[in-house]
Amino acid sequence: MITLLQSNFILDSLNDFVSQSGIGLFFAPGGWKMAVMIGLACFLLWLAIKKQFEPLLLLPIAFGMLLTNLPGAEMFHSEFFAGGHVHWEHFAHGEAGLLDILYLGVKLGIYPCLIFIGVGAMTDFGPLIANPKSFLLGAAAQLGIFATFIGAYALGFAPNECGSIGIIGGADGPTSIFLTARLAPELLGPIAIAAYSYMALVPVIQPPIMRALTTEKERVIKMKQLRQVSKTEKILFPVIITIVIALLLPSAAPLVGCLMLGNLMKECGVVDRLAKTVQNELMNIVVIFLGISVGATATGDSFLNIKTIFILCLGILAFSCGSAGGVLLAKLMNLFAKEGNKINPLIGSAGVSAVPMAARVSQTVGQEYDHSNFLLMHAMGPNVAGVVGSAVAAGILLAFLG
Amino acid sequence: MDKFANVGWIEMLLMTLIGFGVVFCVLVLLIFVMKGMGTIFTRQKKAEKAAKAAAAGVAVAEDDHHEAISDQEIAAAIITALKLYKSNLHDQESEMITIHRIARAYSPWSSKIHGLTQLPERK
């Protein structure tokens, strides 16, 4: 028996078995990163389930992160997408796994566009059509994108990475993923997690900024009733916006086009089945695929570095600047507005996309100061304008840096 | 990365200014487009209403603001006002306990010996 145990073959076999097991790989060089990432994935799962922070996306993202960091499982191969290109030969030879195949949807920009169809089908652009000035607040809130773009450059990021980090300020998950997958795919994990985490934290981030930049008198401004928008206007809106933006900025056409397609499906009223499908089944399926595959990109090597910490800090800066930009422009517009036509500056912060949470924050903060002041519909105008604005900003950054 | 080898602070600042400027210009253009569309539809609506009113021999109301408010919005406003009013109505409690313990004297009405299960006594 002792002779058997002492034989090299058995010892080597046992050694191989232990070193190839998942637990053994934790002790291999760099294995600690996987352990940390598994811990982080579990923390995100806790945030999603217990704290309900954007659970629809954070849960699949966290689980994708868990899968990709399981040592030895090799569920996702980032080398198949190295250098910003898809190495199709691995797919042709059947080496790619499920997560690699699902990630193609992110890499080729399919999922964000499909999600935008669903978002369009769930969005009512009525408040924006009734008050087109809201577009200005939506534009001002894009300040967060460009301030962060410069901030990221100051921290030493490459210009293409700056573009991807800046787009976090658009507070629009699909747009962030769409742009990052094209400009800096290696940062996709941290950027997606920063974007969705901060979107969930909009009710925490925005109110102090809104209070700091407004006076009590401004917070109780009651806005004029919005006019009624006819069905024809609602049908023409997506068509006109698509034509205008695609002609001016073709690089923004995929996102804006898909958003407006979804909205047209909803408003025209003749394709109810399609509208319901894109709002529910299609949206849910794509969210699952997108979440898992984005989470899978967050490997220890790509996530656990100083860049991630910078990205998380810049994300806060982006959201704060965006919210401040909208509020400040609303105040500026009030300087030139007649009495009775004044804008409550609290709706300016809704110009960062985060539909409809940012609009709800405006409503909640407004009601703290006047219970009879209903700002929700007024805030929905800048809120949906922010979606269009961030898609336009993404198109510009893609045209410059892509 | 070679593509960005010659990109410095000046280029980045220019990109920022141009980018932000383009976002503003595109969205301002959309404001004009939407305002134009709104004006056309509002006029059309007014003309339709005027034609209807003329046919019915009723004077057209001048106040556009009131025209814009739909029945549903009026109903929503009334319901919200009622809810707010009712939510402010509370029963004012004195916070004093008003139930007093009462010492009950014996009463044959609650006595079990006079219960229905008692059979009449035959004498």
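In what follows, chains are A, B, ... by sequence order, proteins preceding strands, each numbered from 1.
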Do [X] and [Y] have side chains that approach each other closer than 4.5 Å (heavy atoms only, starting at C-beta)?
X	Y	result
A/Lys133	B/Lys35	yes
A/Ile129	B/Met37	yes
B/Leu30	A/Ile245	yes

request  = Taking all non-hydrogen atoms of both residues into account, name the closest pair between A/Pro132 and B/Ile31 and its distance.
outcome  =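 The answer is O-CG1, 3.2 Å.
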Shortest non-hydrogen contact between B/Gly38 and A/Arg227, atoms and distance =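 The answer is CA-NH2, 3.5 Å.
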inquiry  = Let's test your reading of the structure: which of A/Val229, A/Val388, A/Leu128, A/Ile396 forms the most heavy-atom pairs below 4.5 Å with chain B?
reply    =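 Result: the option with the highest number of such pairs is A/Ile396.
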Quick one: [atom1] on [X] to [atom2] on [Y], what's the gap to the nearest 0.5 Å?
X	Y	atom1	atom2	result
A/Glu233	B/Thr42	CD	OG1	6.5 Å
B/Phe4	A/Tyr153	CZ	OH	11.0 Å
B/Met15	A/Leu397	CE	CG	9.0 Å

Which atoms of [X] come close to chain A, meaning under 4.5 Å heavy atom to heavy atom: side chain ones, backbone ones, both, or neither?
X	answer
B/Phe20	both
B/Leu13	both
B/Val28	side chain
B/Val22	both

request  = Under 4.5 Å, heavy atom to heavy atom: which of residues 136-145 of chain A reach chain B? Give them by number, or say none.
outcome  =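 So the qualifying residues are A/Leu136, A/Gly138, A/Ala139, A/Ala140, A/Gln142, A/Leu143.
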inquiry  = Between A/Ala130 and chain B, with a heavy-atom cut-off of 4.5 Å, which part of the residue counts as in contact: side chain, backbone, both or neither?
reply    =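 No part of it gets close to chain B.
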ask   = In terms of heavy-atom proximity below 4.5 Å to chain B, should A/Ile240 be classed as side chain, backbone, both, or neither?
value =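 Interface part for A/Ile240: side chain.
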Within 6.0 angstrom of A/Leu247 CG, more than 12 heavy atoms from elsewhere =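 Yes, CG of A/Leu247 has more than 12 neighbouring heavy atoms, counting only those of other groups under 6.0 Å.
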